[in-house]
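A quick write-up on the structure given underneath.
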Amino acid sequence: MEFGPYLMLAMLEGAVLAAVLALMASGLSLTFGVMRVVNVAHGEFYMLGAVIAWFVAHLVGGGAALSFVAAAIIAPLAVGVLAAAADITILKRIDYDPERTIVATIGLLYVIQQVTLMTYGPDARPVEPPFNSRIALPWIEWGEGGPSLYFPWGLSTTSYKLFVIGAAAVLILAIRLFMTRSRAGLIMRATQLDSDMATAFGIPVERVYAAVFGLGAALAALAGVLIVPIQQAHYLMGGDALLLSFIVVIIGGLGSMAGTIVAAVLIGMSDGIISVFFSPTLAKIIATLLVALVLVFRPQGLFGTRDR
């Protein structure tokens, strides 16, 4: 096979990662943008989404499609409620102090991880996708008579991976519309701009913070639900996802949703291409070096604004 078809296949794999990463990092960016909270436990909410999806799939039964739909509804709701409860019982009591918040969410990370290990176990377990048809991908061949389509052997993807890309795009657009067009979104943005002024106008800032923390965790859990039919659910799967999410929000700009999406596409596509042609380790090294360059030359990120 020529280099071109391999590159297209690698880009499709990167697009799947970019879609899931954009959804997860959007939750992290939303939490920081509104609350100014660095949530180190965000990766564990992603892991919980995948693990709960496995539990729901085995409890519901009735076919892969029904189980997946049930998991996509139950897992984000359960994780969102858990995160909101953690905000009320832990973060609120330490007044969202940046240093203590980091320590508290590290503790929350280990609690969630160890409870999952004790209940779910150490084994990685798969979830059956609702559909998974193999789709052959065409390639253009240039001959003497001009361009013509042909189907190289092995150049294919699955319908579920294409669904993940489309579903993530729709969800991110929905988040954008929610933040800009809905009353709840406007309240969140007002709280982000000036929490003291929002309090003066009667906005229950503490409830807004709990809702934002829960929404960010629910987005991470939904990303976990989408990825678990491709990658098996495991109690340690949150570590790499958290690292990539932090890389994305730092490059895009802390609190910038648009920057988060652009950076997720950049990191996801480069990770997919470099992993296919070289190694996943090299992809992580290059992403980390890119973060270092951004921090040196543009500390506020590609789309962030410099504090004055």
Side-chain angles (χ1 to χ4, degrees), residues 9-33 38-50 53 72 75-76 79 157 160-176 215-234 236-276 279-291 294 301-304:
L9 197 59
M11 290 178 66
L12 278 173
E13 293 298 320
V16 174
L17 175 60
V20 175
L21 188 56
L23 189 60
M24 181 179 177
S26 293
L28 187 63
S29 180
L30 178 66
T31 301
F32 180 85
V38 178
N39 180 18
V40 184
H42 196 70
E44 303 317 301
F45 293 139
Y46 167 82
M47 177 270 292
L48 271 182
V79 174
T157 187
Y160 180 74
K161 289 183 178 180
L162 297 179
F163 165 77
V164 169
I165 298 172
V170 171
L171 289 168
I172 290 169
L173 179 60
I175 296 167
R176 177 70 177 176
L215 178 58
L219 290 175
L222 190 54
V225 174
L226 288 176
I227 202 62
V228 72
I230 301 173
Q231 300 176 2
Q232 298 180 357
H234 188 262
L236 292 177
M237 66 185 293
D240 286 344
L242 178 65
L243 173 62
L244 288 175
S245 294
F246 272 121
I247 288 174
V248 165
V249 296
I250 290 172
I251 292 175
L254 291 173
S256 171
M257 294 294 289
T260 297
I261 305 306
V262 172
V265 173
L266 175 65
I267 295 299
M269 296 296 287
S270 62
D271 189 280
I273 294 172
I274 295 171
S275 297
V276 168
S279 72
T281 302
L282 179 62
K284 302 299 184 297
I285 292 173
I286 292 176
T288 306
L289 290 175
L290 184 58
V291 169
V294 170
L302 298 179
F303 287 77

>> Within the structure provided, determine whether Ile261 and Arg176 are in side-chain contact (heavy-atom separation under 4.5 Å).
In response: no

>> Restricting to non-hydrogen atoms, name the atom on Ala53 and the atom on Ala75 that form the minimum distance, rounded to 0.1 Å.
In response: N-CB, 4.5 Å

> Is any side-chain heavy atom of Met237 less than 4.5 Å from a side-chain heavy atom of Gln232?
Replying inline: no

>> Give me the atom names and distance for the closest heavy-atom approach of Ala50 to Ala233.
In response: O-CB, 3.8 Å

>> As a test of understanding, state which of Ile230, Leu23, Ile227 forms a side-chain contact (heavy atoms from CB on, under 4.5 Å) with Val164.
In response: Ile230

> Is the CE atom of Met269 crowded by more than 12 outside heavy atoms at less than 6.0 Å?
Replying inline: yes

> If you look at every heavy atom in Ala264 and Val248, which pair is closest and at what distance?
Replying inline: N-CG1, 3.7 Å

>> Looking at every non-hydrogen atom in both residues, tell me the closest pair between Val79 and Gly49 and how far apart they are.
In response: CG2-N, 4.2 Å

> Is the closest side-chain heavy-atom distance between Met257 and Ile175 below 4.5 Å?
Replying inline: yes

> Hey, does Leu290 have a side-chain heavy atom less than 4.5 Å from the side chain of Ile267?
Replying inline: yes

> Say you draw a straight line from CD1 of Ile274 to OG1 of Thr281; how long is it, rounded to the nearest 0.5 Å?
Replying inline: 11.5 Å

> What distance separates Ile247 CD1 from Leu289 CG, expressed to the nearest 0.5 Å?
Replying inline: 10.0 Å

> Where is the tightest heavy-atom contact between Gly252 and Ala263, given as atom of each residue plus distance?
Replying inline: N-CB, 3.7 Å

> Would you say the side-chain atoms of Ser29 pair up with the backbone N or O of Ala25, donor to acceptor, closer than 3.5 Å?
Replying inline: no

> Is there side-chain contact between Phe163 and Val16, with at least one heavy-atom pair below 4.5 Å?
Replying inline: no

> Is any side-chain heavy atom of Leu244 less than 4.5 Å from a side-chain heavy atom of Lys284?
Replying inline: yes

>> To the nearest 0.5 Å, what is the distance between CG on Leu17 and CD1 on Ile273?
In response: 11.5 Å

Could you list the donor-acceptor pairs under 3.5 angstrom formed by side chains in residues 38-46, with sequence neighbours left out?
unit_1 : atom_1 : unit_2 : atom_2 : d
Asn39  : OD1    : Ala41  : N      : 3.1
His42  : NE2    : Met24  : O      : 2.9
His42  : NE2    : Leu28  : N      : 3.4

>> Let me confirm one number: the CD1-CG distance from Ile286 to Asp271, rounded to the nearest 0.5 Å.
In response: 9.5 Å

> Can you name the residues that form a side chain to side chain contact (heavy atoms under 4.5 Å, CB included) with Ala218, not counting sequence neighbours?
Replying inline: Pro76

> Hey, what do you get for CG (Leu30) to OG1 (Thr260), rounding to the nearest 0.5 Å?
Replying inline: 9.5 Å

